[in-house]
Amino acid sequence: MAGQLGVLNALDVAKTQWYHFTAIVIAGMGFFTDAYDLFCISLVTKLLGRIYYTDVTHPKPGVLPPNVQAAVTGVALVGTLAGQLFFGWLGDKMGRKRVYGMTLMLMVICSIASGLSFGSSRKGVMASLCFFRFWLGFGIGGDYPLSATIMSEYANKKTRGAFIAAVFAMQGFGIMAGGIVALIVSSAFDHKYKVPSYEQNAAASLVLPAFDYVWRIILMFGALPAALTYYWRMKMPETARYTALVEKNAKQAAADMSKVLQVEIEAEEAKVQQITESQNQKFGLFSKEFAKRHGLHLVGTTTTWFLLDIAFYSQNLFQKDIFSAIGWIPPAKEMNAIHEVYRIARAQTLIALCSTVPGYWFTVALIDYMGRFAIQLMGFFFMTVFMFALAIPYDHWTKKDNRIGFVVMYSLTFFFANFGPNATTFVVPAEIFPARLRSTCHGISAAAGKAGAIVGAFGFLYAAQSKDPKKTDAGYPTGIGIKNSLIMLGVINFFGILFTLLVPESKGKSLEELSGEHEDDGAEAIEMAGSARTVPV
């Protein structure tokens with residue numbers, strides 16, 4: 001054994017201190033913005049339909065046609081997938097910190113630009129909105145692997161899980177902030193323009209151009225938290241693991257961490273050279289050696305994230321449809337354009353407040369006691385149970401007296417997604433791969449998740465349509481209905497339980513121990529790295 005570098009050991013055993021919290025806030029604000037930007041679109045799609053697709057002679061207000069709806073909600077997810085792969089790879093090539101600033105600038109610029117979507121026709125507005133949302137997604141994608149990797153490389157051994165999960169938990173606040181901003185903006189406009197519902201007076205239920213500002217303000221607000229943390233992101237030093245193990249610069253790593261930890265750390269240049277020259281540090285992502293050591297791990301992290309996001313995003317993006325289906329939100333024609341935004345935002349904020357946010361923080365509190373594996377297995381198990389409990393007696397839940405029960409069960413599914421695989425699939429890939437491939441492997445796992453999100457978002461959009469052609473939304477073919485869609489999601493969650501068995505437990509071990517980076521070459525080293533694959537009992 002070459003033994004661990006002093007600088008990395010110092011990080012591993014450091015007591016929780018102020019710099020840990022600043023790192024959580026700096027990385028977490030990126031995630032806050034990500035969630036805000038990705039999920040706020042679902043608050044305004046109904047309004048976009050009313051503004052650009054209403055024909056006042058029709059009994060119902062306009063909705064976005066299926067292809068436009070899919071493009072507007074899905075294009076950011078496609079951008080995110082591309083960004084995760086590209087910036088994940090770049091983070092290992094150029095360093096975490098340099099790439100981190102690029103992703104943030106991209107997010108700020110595109111948030112503002114998507115609110116300024118221009119065009120004289122509705123096609124023009126939708127096309128420019130989709131264009132900027134793609135690039136916004138591209139920036140957001142970079143935030144996933146970089147935030148996770150930076151946090152895991154800064155954290156100590158004992159509470160690393162909680163720190164990475166805390167960065168991810170900011171997502172809950174982002175979703176909630178989206179709802180709150182939409183509530184404030186819509187109620188302000190609702191009070192200023194007291195307009196009748198669509199049913200009472202179709203033409204008067206929409207005040208233009210005033211109401212056109214509402215969705216633009218909501219989308220542009222996403223730039224604010226990201227812009228505020230830019231300065232602090234640029235001041236953060238590069239992580240010691242990248243500087244020492246990838247750039248092979250022992251002096252710089254020791255100097256940076258001496259400042260951060262406020263202790264004297266010696267630069268072990270000979271040791272850095274010895275570690276980085278070993279065969280352990282040579283194999284690439286597509287080598288046999290990688291497949292032998294980490295192949296199954298990568299299969300485990302990608303498949304579980306893929307399966308989870310199918311269920312998670314299909315639920316999240318279509319909350320408003322489910323709320324309407326059970327009568328939480330009245331039919332569109334009974335509201336004016338702005339009041340509809342208000343009602344959707346209120347329902348989404350309530351769900352976020354009661355189940356989404358608490359679920360994330362349960363994970364933060366318990367991940368270093370229960371371990372990643374147990375939380376992920378438990379989360380998938382309960383998601384499966386609650387999905388089937390919603391789906392099989394679905395007709396029972398649609399009756400008026402049982403609606404509250406439906407919402408409670410629905411919230412519990414969310415709670416166990418967040419106190420479960422939604423958090424752990426983010427944490428584990430940042431811990432178990434070698435430093436020079438860590439950001440890339442996290443990016444690949446996250447991109448698999450986004451592929452699942454795209455399947456969930458688009459598949460569910462069509463699948464959840466009623467079997468009765470008279471009851472489908474305008475322009476959609478008949479689907480398999482909400483009941484059968486929920487059964488499918490239950491089955492997907494069950495597969496999540498099975499694939500979790502491939503993912504190793506990383507609780508309480510140093511990153512180098514997990515990735516097998518500070519072992520000597522030879523058969524015994526490969527044995528060691530392979531043994532991390534055992535499933536904890």
Side-chain angles (χ1 to χ4, degrees), residues 36 39-66 68-70 72-73 114-115 117 122 125-126 129 175-221 315-353 403 407 410 461 464-465 471-476 482:
Y36 181 95
F39 293 113
C40 70
I41 195 74
S42 67
L43 298 169
V44 298
T45 45
K46 295 259 173 154
L47 179 62
L48 289 170
R50 287 205 189 218
I51 294 173
Y52 294 104
Y53 292 89
T54 291
D55 175 354
V56 267
T57 57
H58 279 237
K60 282 184 179 172
V63 291
L64 294 177
V68 178
Q69 165 84 13
V72 169
T73 45
S114 59
S117 297
R122 61 190 183 192
V125 174
M126 292 299 142
L129 176 63
I175 295 172
M176 207 163 76
I180 292 168
V181 169
L183 281 175
I184 294 167
V185 175
S186 58
S187 52
F189 274 80
D190 213 5
H191 283 295
K192 185 165 173 8
Y193 303 93
K194 293 188 168 41
V195 294
S197 70
Y198 188 84
E199 209 169 25
Q200 292 161 330
N201 184 340
S205 73
L206 189 64
V207 181
L208 291 174
F211 287 5
D212 197 43
Y213 292 129
V214 172
W215 67 271
R216 295 173 186 276
I217 294 168
I218 294 171
L219 293 185
M220 285 163 83
F221 191 81
Q315 285 179 309
N316 232 341
L317 290 171
F318 303 102
Q319 268 186 2
K320 59 179 188 302
D321 300 333
I322 294 176
F323 291 146
S324 302
I326 59 159
W328 249 36
I329 294 171
K333 63 181 183 209
E334 290 173 23
M335 299 179 281
N336 66 44
I338 289 297
H339 195 61
E340 185 172 37
V341 175
Y342 178 82
R343 294 294 287 255
I344 294 167
R346 193 177 68 176
Q348 197 152 319
T349 311
L350 274 172
I351 287 277
L353 195 61
R403 280 175 186 164
V407 174
Y410 185 70
L461 194 56
Q465 294 299 329
K471 290 188 182 165
T472 58
D473 291 344
Y476 286 89
I482 290 190

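Keep in mind that the numbers below use all heavy atoms, side chains included, and drop hydrogens, waters and symmetry copies. Everything numeric here is computed off the predicted structure, so don't read it as measured data.
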Original post:
Is any side-chain heavy atom of V195 closer than 4.5 Å to a side-chain heavy atom of I338?
Top reply: no
Original post:
When rounded to the nearest 0.5 angstrom, what distance separates OH in Y53 from CE in M126?
Top reply: 5.0 Å
Original post:
Do any pairs count as a salt bridge (Lys or Arg N to Asp or Glu O under 4.0 Å) and have a residue in residues 332-349, sequence neighbours left out, and if so which ones?
Top reply: R50-E340
Original post:
Residues in ring pair (Phe, Tyr, Trp, His ring centres under 6.0 Å) with Y342, at least two apart?
Top reply: H339
Original post:
Should the pair F221 and Y36 be assigned to parallel (<30°), tilted (30 to 60°) or perpendicular (>60°) ring geometry?
Top reply: tilted
Subject >> CD1 on I344 to CG on L47, rounded to 0.5 Å >> reply: 9.0 Å
**OP:** Using modelled atom types only, decide if a donor and an acceptor are shared between the side chain of K194 and the backbone of H191 within a distance under 3.5 Å.
**Re:** yes
Original post:
CD1/I329 to CD/Q348 distance, rounded to the nearest 0.5 angstrom?
Top reply: 9.0 Å
Expected list for residues 199-210: side-chain donor-acceptor pairs under 3.5 angstrom, two or more places apart:
unit_1	atom_1	unit_2	atom_2	d
Q200	OE1	S197	N	2.9
Q200	OE1	S197	OG	3.3
N201	OD1	A203	N	3.3
N201	OD1	A204	N	3.2
S205	OG	A202	O	3.0

Side-chain donor-acceptor contacts of residues 179-189 below 3.5 Å, not counting sequence neighbours, with atom names and distances?
unit_1	atom_1	unit_2	atom_2	d
S186	OG	A182	O	2.6
S186	OG	L183	O	3.2
S187	OG	L183	O	2.7
S187	OG	I184	O	3.3

Subject >> Which residues share a salt bridge (charged side-chain N to carboxylate O under 4.0 Å, His left out) with R216, sequence neighbours left out >> reply: D212
**OP:** With rounding to the nearest 0.5 Å, note down the distance linking CG in L219 to CG in L48.
**Re:** 7.5 Å
Original post:
So, do Y198 and P331 sit near enough that their side-chain heavy atoms are less than 4.5 Å apart?
Top reply: no
Subject >> Those residues that, when tested against Y193, pass ring pair (Phe, Tyr, Trp, His ring centres under 6.0 Å) (two or more places apart) >> reply: F211
